[in-house]
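Because only heavy atoms are used, hydrogens play no part in the values below, and waters and symmetry mates are left out as well, while side chains stay in. Order of appearance sets the numbers: ligands from 1, and atoms from 1 within every ligand.
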Amino acid sequence: MTSTREDDKKTIPDVIVDKTRNCSYQRLRFFGKGGFAKCYEIQHTATKEVFAGKIVPKSMMTKASHREKMAQEISIHRSLCHKHVVGFHSFFEDSANIYIVLELCKRRSLMELHKRRNAITEPETRYFMHQILEGVQYLHSRRIIHRDLKLGNLFLDDELHVKIGDFGLASRIEYEGERKQTVCGTPNYIAPEILTRKGHSLEVDIWSLGCIMYTLLVGTPPFETSSLKDTYKRIKECEYRIPSTLRKPAMEMIVMQLQEEPANRPSVTKLLQHQFFTSGIMPAALPPSCLTTAPRTDQLEKL
Ligand SMILES: CC[C@@H]1C(=O)N(C)c2cncnc2N1C1CCCC1
């Protein structure tokens, strides 16, 4: 069902033309907004292949800082190629918009799964965390900090494979030992060293991974409060609680990732070797039913 959004009819055409590559796309389903962008399913006219189109009106790119951030996102994302990173197909512009053509993730993201399921099972968490860690291992091996790892940026394709996306806050480490001073934007699972401006690096992604693993297993984020100020206070004090219902390997792995001191957090490679992944069932695949209902215990054995 294509959107009947009148305002889009003016600025975003039904047929999007990429003049440089001499090809066009049919604008299909509206997916939603992502920052300045309006996101649509788009279909390549010649090959019929479908993609996710991120469309940013140039009228939104008024400040040089916005253009530079967009250029940085494109520069980093287009340099990546990994099974657990959202595929970057192409980007182009016309008089009205900038278009980014990305891999289509039909099952949306872990955010939608979390909203539907709340806490998921340990085997499901092993399945998702292992893929997320492999994707982050690839980013870190290329000296890239994602800086905004969160459920909404962990997309799912038709086979429920995880694809890390949205490099809007990502940054490259230019030299060995570099500590970044600022982030332009507000990461969701923000690490304490960013809040206290102590300088930060790859370890901020490990902190976010700890928040993601906690949220998947417990059903709520570790530092959530009713106000952002209080949440930031608890992050800076590293104040969180792990329910005793969690089994030991999962609890230990979360505690390792949520170390206040960045140097005390393990690398992604270390996390991939953690006993959590061998202390129970690691499903080779998950059925689409996992998006809506918990697998029954006896079914778990089969997972
Ligand atoms: C196109 C933006 C974003 C995205 O980055 N990908 C890869 C994606 C891929 N497939 C579906 N949706 C995607 N999204 C959604 C659209 C609305 C909010 C985030």
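Counting all heavy atoms, side chain and backbone alike, Gly34 lies closest to Lys54 at O-CE, 4.4 Å.
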**OP:** Run the numbers on Tyr138 and Glu134 for side chain to side chain donor-acceptor pair (under 3.5 Å), then give the verdict.
**Re:** CA-CA 6 Å; Tyr138 169 77; Glu134 285 184 336; over 6 Å; no
What are the distances between nitrogen or oxygen atoms of ligand 1 and protein nitrogen or oxygen atoms, counting only those under 3.5 Å?
unit_1: ligand 1; atom_1: 10 (N); unit_2: Cys105; atom_2: N; d: 2.9

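Side-chain atoms of Lys150 never come within 3.5 Å of backbone atoms of Tyr189 as a donor-acceptor pair (strictly under, hydrogens ignored).
A cation-pi geometry, defined here as NZ or CZ lying under 6.0 Å from the six-membered ring centre and within 45° of its normal, does not hold between Arg126 and Phe277. Geometrically, Arg108 engages Phe31 in a cation-pi contact, judged by NZ or CZ lying under 6.0 Å from the ring centre and within 45° of the ring axis.
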Show the atom names and distances, to 0.1 Å, of all donor-acceptor pairs under 3.5 Å that link a side chain in residues 192-199 to residues at least two apart or in another chain.
unit_1: Glu193; atom_1: OE1; unit_2: Arg265; atom_2: NH2; d: 2.8
unit_1: Glu193; atom_1: OE2; unit_2: Arg265; atom_2: NH1; d: 2.8
unit_1: Thr196; atom_1: OG1; unit_2: Pro192; atom_2: O; d: 3.0

